[in-house]
Amino acid sequence: MDASRRLILSLALLAIGWPVATAGGQELKRIDRTIGKLPQLHEPLYALAILGAKKETRMWLVVDKSSPQSTQHDVLFIDLDGDGDLTAENERVSHQDAEGHFKIPVLVDPKSGVEHTDFSLRLSPGSHMLSVRWRGGHKIGGGYPVDPKDGYMQFGKSPQEAPIVWLNGDGPFRFQPWYNDTLAIGGETDVKLFLGQEGVGANAFCAFQEHVLPEDEFVVAILIYTDKDGKQREATSNLDLRC
């Protein structure tokens with residue numbers, strides 16, 4: 001395989017442990033979180049989805065209780081045209097399946113006109129997960145934590161607390177560790193990674209939810225570390241096993 005097609009991952013360790021992910025998506029933190037117009041709400045929870053590699057489309061999602069007496073968040077308001085106004089009749093979704101999903105068969109990016117399919121929002125205790133078939137193809141979704149014991153993504157109680165999920169299946173892609181132990185000196189440690197896009201907020205990583213790399217393409221991991229004598233070293237390994 002041509003080396004130019006390989007995905008390169010550098011694990012830079014100041015000590016033997018996992019680094020904090022900082023690459024990619026940093027400009028998302030500067031996004032204006034103002035919402036133009038909202039319907040009457042009772043107990044809303046907020047999230048912001050950014051669509052596409054250029055990050056041009058901002059699509060607010062607000063889940064709410066349909067009445068003050070409701071025992072669960074059973075309605076979704078979604079800014080389908082990206083204009084900051086969530087009061088349009090077609091932007092209210094109240095149908096859920098038995099597993100607690102809100103579903104939209106076709107989601108059109110209002111900026112690019114690109115159609116994505118099978119949009120879904122699943123609400124469960126301690127977990128609010130988005131997914132979509134990007135351009136009708138591979139399935140992507142968020143938000144994932146580095147370690148499941150830290151919990152999954154949850155919508156915020158205000159726009160300022162809302163997680164930002166970057167839905168972008170066009171690349172370039174980033175990595176996030178998944179359920180890894182501390183790297184052992186003189187031993188072996190499994191390294192598991194998500195491939196996708198970094199978001200903003202706790203556990204807001206958006207990852208491919210199925211195999212997307214061609215069979216002959218893999219991730220090349222370059223471990224940069226300091227040995228016991230204080231010298232910087234590198235070790236290279238192909239991450240070619242797929243979960």
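In this structure, the side chains of Ile78 and Val93 come closer than 4.5 Å at one or more pairs of heavy atoms. When side chains are defined from C-beta on, Tyr179 counts as touching Pro148, because their heavy atoms get closer than 4.5 Å. Using a 4.5 Å cut-off on side-chain heavy atoms (C-beta onward), Trp60 and Leu86 make contact. Looking at heavy atoms from C-beta onward, Leu130 lies in side-chain contact with Leu61 at the 4.5 angstrom threshold. Put simply, the side chain of Ile104 does not reach to within 4.5 Å of the side chain of Val132, judged on heavy atoms. Residues Phe77 and Glu91 have side chains not in contact (no heavy-atom distance under 4.5 Å, counting atoms from C-beta outward). Taking 4.5 Å as the limit, every side-chain heavy atom of Leu76 sits out of range of all side-chain heavy atoms of Ser94. The shortest distance between side-chain heavy atoms of Lys55 and Glu27 falls below 4.5 Å.
Gly52 approaches Trp166 most closely through the heavy-atom pair O-NE1, 2.9 Å. Listed here is the closest heavy atom pair of Gln176 and Phe205: OE1-CB, 3.3 Å. The heavy-atom pair separating Ala204 from Pro163 by the smallest distance is CB-CB, 4.5 Å. The minimum heavy-atom distance linking Pro159 with Arg33 is given by the pair O-NH1, 2.9 Å. Taking every heavy atom of both residues into account, Lys103 and Ser120 meet most closely at CG-OG, 4.3 Å. Closest heavy-atom contact between Pro214 and Arg242: O-NH2, 2.7 Å.
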Salt bridge (Lys or Arg N to Asp or Glu O under 4.0 Å) evaluation trace for Lys65 with Glu43: CA-CA 6 Å; Lys65 295 181 176 181; Glu43 196 174 324; 3.1 Å; yes
Step-by-step salt bridge (Lys or Arg N to Asp or Glu O under 4.0 Å) determination, Arg135 to Asp170: CA-CA 9 Å; Arg135 297 183 182 268; Asp170 292 337; 3.0 Å; yes
Verdict with reasoning, Leu38 to Thr87, per side-chain contact (heavy atoms from CB on, under 4.5 Å): CA-CA 6 Å; Leu38 288 168; Thr87 61; 5.6 Å; no
Verdict with supporting geometry, Trp134 and Asn168, side-chain hydrogen bond (donor to acceptor under 3.5 Å, both in side chains): CA-CA 8 Å; Trp134 190 258; Asn168 172 29; 4.9 Å; no
Pair Arg233-Lys231, side-chain contact (heavy atoms from CB on, under 4.5 Å): steps then yes or no: CA-CA 6 Å; Arg233 304 285 188 180; Lys231 295 182 179 180; 3.8 Å; yes
Full working for side-chain contact (heavy atoms from CB on, under 4.5 Å) between Glu234 and Leu223: CA-CA 5 Å; Glu234 290 188 7; Leu223 176 65; over 6 Å; no
Criterion salt bridge (Lys or Arg N to Asp or Glu O under 4.0 Å) on Lys111 and Asp109, from CA distance to verdict: CA-CA 6 Å; Lys111 295 289 187 180; Asp109 186 327; over 6 Å; no
side-chain contact (heavy atoms from CB on, under 4.5 Å) between Tyr46 and Lys157, worked out: CA-CA 6 Å; Tyr46 300 83; Lys157 294 183 179 181; over 6 Å; no
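Follow the hydrophobic side-chain contacts under 4.5 Å out from Ile164 and you never reach Phe194; the two are in separate clusters. In the hydrophobic cluster analysis, where Ile, Leu, Val, Met, Phe, Trp and Tyr join through side-chain heavy atoms closer than 4.5 angstrom, Leu193 is grouped together with Ile140. Hydrophobic cluster membership is shared by Leu48 and Ile35, with clusters built from Ile, Leu, Val, Met, Phe, Trp and Tyr side chains linked at under 4.5 angstrom. Put simply, Leu80 and Leu51 are part of the same group of oily side chains (I, L, V, M, F, W, Y) that touch within less than 4.5 Å, one to the next. By the criterion of side-chain heavy atoms lying less than 4.5 angstrom apart, applied directly or through intervening Ile, Leu, Val, Met, Phe, Trp or Tyr residues, Met129 is not grouped with Val146; the two fall into different hydrophobic clusters.
Arg122 contributes atom CZ, which lies 13.0 Å from atom CZ of Phe102 (distance to the nearest 0.5 angstrom). Distance CD/Gln72 to CG/Asp64: 12.0 Å, rounded to 0.5 Å. Here CG of Leu195 is found 11.5 Å from CG of Leu239. Values are rounded to the nearest 0.5 Å. Note: Gln154 CD to Asn203 CG = 8.5 Å, rounded to the nearest 0.5 Å.
A distance below 6.0 Å separates the ring centres of Phe208 and Phe173.
Ring geometry, Phe155 versus His128: the interplanar angle exceeds 60°, so the pair is classed perpendicular (tilted spans 30 to 60°).
With respect to the salt-bridge test (charged N to carboxylate O, under 4.0 angstrom), the residues Arg133 and Glu210 qualify.
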